[in-house]
Every structure is written in structure tokens, then in C-alpha cells.
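Report on the structure given below.
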Number of protein chains: 2
Amino acid sequence: MQRFWTHGYHATSMDDLVKATGVSRGSIYADFEGKRDLFLCCLSRYQDEVVTPAFAQVEQADAGLETIEAYLLFQLSHLDDDRLPGPGCLVANTMTELGPHDRDIHDAVNAHNVRLQNGFYQVLKRANKSTSPLSPDQLGELAVFLTMSVQGLWSFSRSAESVEPLRQYARTLIDLVKSRLQ
Amino acid sequence: MQRFWTHGYHATSMDDLVKATGVSRGSIYADFEGKRDLFLCCLSRYQDEVVTPAFAQVEQADAGLETIEAYLLFQLSHLDDDRLPGPGCLVANTMTELGPHDRDIHDAVNAHNVRLQNGFYQVLKRANKSTSPLSPDQLGELAVFLTMSVQGLWSFSRSAESVEPLRQYARTLIDLVKSRLQ
DNA sequence: CCAATACAAGAACGATCATTCCAAAACTGT
DNA sequence: ACAGTTTTGGAATGATCGTTCTTGTATTGG
């Protein structure tokens, strides 16, 4: 999974995976139908092992906008300036590399994005207790906005040489969304 | 160039390029040192033929925030619902695919981003005529924010099934930045 | 202990890869 | 018209690719 995450699907060979995992070629093919099937399983595993532990706080019943910011800053805390460029996000990387060309992968990516949107939407709904609240449609649009903005953050981390602009982006994003809700 | 744009570097073979361009293999190698050199030239040509004609309006001396919005909506106007998922942006795609692994490509991507940031910065400076203006640092941060946000837009267009959420994102982005400047 | 079965390691396979090479065609100069 | 040079088209090359296959080892049951 790490190898797919850092290098992408096409640039990762089965040899690379055999070496990186220490698992024999025969065993891989015993367990998966082929490279693509293995990749789909890695996407699924990434969701369970990486996304869920991190995003769960946003999906909590009491999560606020600060929780979204904390989620982003926590993800960025894995990077410091000598760990850049970072691997980004496997799903985000995959959206770019394979999203246009593979239906099943597109669907997996889409499911991930819907999950993020729903999490953000719930937070926005809670945060929408103001004197002039936004409509549900407007909140939905803001949730989509957040989901797409976060995608930009991961893409940039693939090329970034310093982590501070990434952090600043997260803070600015949350600030702007906050001011939209007031 | 189109093939690299839609499929990425690693998923595009020299055979693909020979077929797509109608140029013989020998001619390609006569003009370029290899696949990577050809790709670097495509990045450069993309800058001249795609980015410059589109982004020039943002770099105009009288460009405003509406110009940034018009730039984004114009880029999106090439897509309608049966032309999705779109190719995204060659530079943005490359940032994700190759940015972490190739120094020269990283530098080309970085130069593109700096260009976008500078264009956005100038617009923001002009738009910053309010009763409580933002500092140059704050404007710089907003310009970086815009650059990274636009990256999210192109990545999403690689997976999108409808163009309206992409348009809405562009409008929301400009609205949020406007409200930050007031 | 032996035979049958299951599993692991990695060689082998045919296809595809990026690049080089070569023969034929086209062009240029005398 | 002819010889020399350049360009073109695509075959050839050696490496790498994803996948299958084979051999050796381990395990299980009689």
C-alpha cells in the first residue's frame, strides 16, 4: 500500500511490491486476481486504516469547525520539512491518476468524497446556528467546497518544500468558511 | 501532449505517442533525448499554448477578482457533462504523479505555481482598497490559498460526473475571498 | 514411513516497454 | 543524371512488465 501511495499505480511494478512487502509473487496472485484487484484492496484498506482513524473525529456528534481544522493539521503533522514532498492522500492521488479511466476505481474515489462531504455537512449544520442561517443547499455547497479544497491541499503536499504554507492553507480555509457562516 | 495530459506520464507509452502524433519513433528520438525530455517540452509547451492564453487576462493590469472567476469558468466551459471526467490541468496532474520524484519536473511545476500566485497576488493587491486593508503578508497567503484551491478544482474535474459543482466551487471560492477583503 | 496435498519461492512466459538501428526514400548539390 | 547526405518508417534490441507455472519444502493423514 505504501508503494502505491508514494509512487502511484502505473509507476509501481509487481516486482516493487514483492520487494516492498516481502511477500512472494505467487502468494500475491493467490490472494488477488491481479495488480488492479490488489490496488482496489489497498484503496479499501487505506479507508479503514488511514481515513477512518483520522476522519472519525470529524464524524463525531459534537464536531465543530475547529475539529476539521484539527483533522487537517493532524494529517499535516506527519510531515515536517525533511519529510516533504509528502505522499499526499492515496485517494486524492488516485483521483488524478486513474479516476478518468477506471470505473471501479472512480466509484471508490467517489465514495470517499461523499464520506468527506457528509462529515463536513454535519459539522456545518451544527455550526450554522446564527441569526441568518444558510439554507441546506448552501450548506451542501460549502461541504463540497471543503471536500474539493482539501484535495488541493494533498496535491500540493506532493510537491511542497515546506509544511508551513500547507498549514496556513488549512487555517485560512477554516477561517473563510467560518466567516461565511456568520 | 494531449495523451500525456489525459493519461499521465507513466501510463503513456512511446507507441501511444507515435500513434497519437503520427510522427515516427525515429523523429521523436531525433528531436528529444527520450521520453522524459519530451515530457518536459510538453510541460513547457502547455505553458505557452494553454496557460498563457487563458491566464493572461488575470495578469492584465486591470484584472479584478471577477477576472479570476471568469478565468476559472472559461476553463470549465470546455467541459460539459458528456465531456467529463475532464483532463484536468497537465501541470496539476503532473504535480501529483511526478512532483515527488523528479527534480526538474518539480521545478517546472513550481514555476507554474509561482506564476499563478503572482497573478493572483496582483489582483488581490488591487482589490485590497478597503477601509481596513490586509497586509502584504496576508495578501500573499490569500494568493497561495487561491493557487492551492484551484489545484483542488482540476483534480476533481478528473473524476467529476457533472460540471455544475465545479462551477459552483469557483464561484464560492471567489465569494469567500471577496468577503475576506471587505 | 510414505503418499498426497498445500504452500512458498522464484523462474519462465509472452507482451510491452523505451531506445537504437537500419534500409529505403527524399532531398540537395554538382 | 548521379552521388552524397539527410530524413523517415518501422524493425530490432535488451530490459521490464504482469501473470502463470514449476519445483522444492512443509504438513497431514493413513
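Throughout, a chain's letter reflects where its sequence line sits, starting with A, and its residues are numbered from 1.
Taking the screw axis at each terminus of the helix from dC1(C)-dG30(D) to dT30(C)-dA1(D) from five consecutive base pairs, the angle between the two is 10° to within rounding of 10 degrees.
Here Ser27(B) pairs with Val23(B), Ser24(B) under the side chain to side chain contact (heavy atoms under 4.5 Å, CB included) rule; sequence neighbours left out. Judged as a side chain to side chain contact (heavy atoms under 4.5 Å, CB included), and not counting sequence neighbours, the contacts of Glu161(A) are Arg103(B), His106(B). Considering only residues two or more places apart in sequence or on other chains, Asp81(B) meets the side chain to side chain contact (heavy atoms under 4.5 Å, CB included) condition with Leu84(B), Ser162(B), Val163(B). Under the rule for a side-chain hydrogen bond (donor to acceptor under 3.5 Å, both in side chains), the partners of Ser149(B) that lie at least two apart in sequence or sit in another chain are Tyr169(A). Checked against side chain to side chain contact (heavy atoms under 4.5 Å, CB included), Tyr29(B) has the following partners two or more places apart in sequence or in another chain: Met14(B), Arg25(B). Partners of Ser13(B) according to the side-chain hydrogen bond (donor to acceptor under 3.5 Å, both in side chains) rule, which considers only residues two or more places apart in sequence or in another chain, are Asp16(B).
With hydrogens and angles ignored, the 3.5 Å screen pairs no side-chain donor or acceptor of Ser155(B) with any backbone N or O of Gly152(B).
Heavy-atom contacts of chain B under 4.0 Å fall on DNA chain D between two terminal nucleotides, which in 5' to 3' order are dT8(D) to dA11(D).
Put simply, CD1 on Ile28(B) is 14 Å from P on dC17(C), counting in whole angstrom units.
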Donor-acceptor pairs under 3.5 angstrom involving side-chain atoms of residues 65-80 of chain B: please list them, not counting sequence neighbours.
residue  : atom : partner  : partner atom : Å
Thr67(B) : OG1  : Gly64(B) : N            : 2.9
Thr67(B) : OG1  : Gly64(B) : O            : 3.1
Ser77(B) : OG   : Phe74(B) : O            : 2.5

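The side chain to side chain donor-acceptor pair (under 3.5 Å) analysis of residues 39-60 of chain B, with sequence neighbours excluded, yields the pairs Arg45(B)-Glu49(B), Gln47(B)-His112(B), Gln47(B)-Arg115(B), Thr52(B)-Arg115(B), Glu59(B)-Arg115(B). For residues 30-41 of chain B, the set of pairs meeting the side chain to side chain donor-acceptor pair (under 3.5 Å) definition, not counting sequence neighbours, comprises Arg36(B)-Asp102(B), Arg36(B)-Asp104(B).
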N/O contacts under 3.5 Å, protein versus nucleotides 18-24 of chain C?
residue : atom : partner  : partner atom : Å
dA18(C) : OP1  : Lys35(B) : NZ           : 2.5
dA18(C) : OP2  : Met14(B) : N            : 2.6
dT19(C) : OP2  : Tyr29(B) : OH           : 2.8
dT19(C) : OP2  : Lys35(B) : N            : 2.8
dT19(C) : O5'  : Tyr29(B) : OH           : 3.4
dT19(C) : O4   : Arg25(B) : NE           : 3.4
dT19(C) : O4   : Arg25(B) : NH1          : 3.0

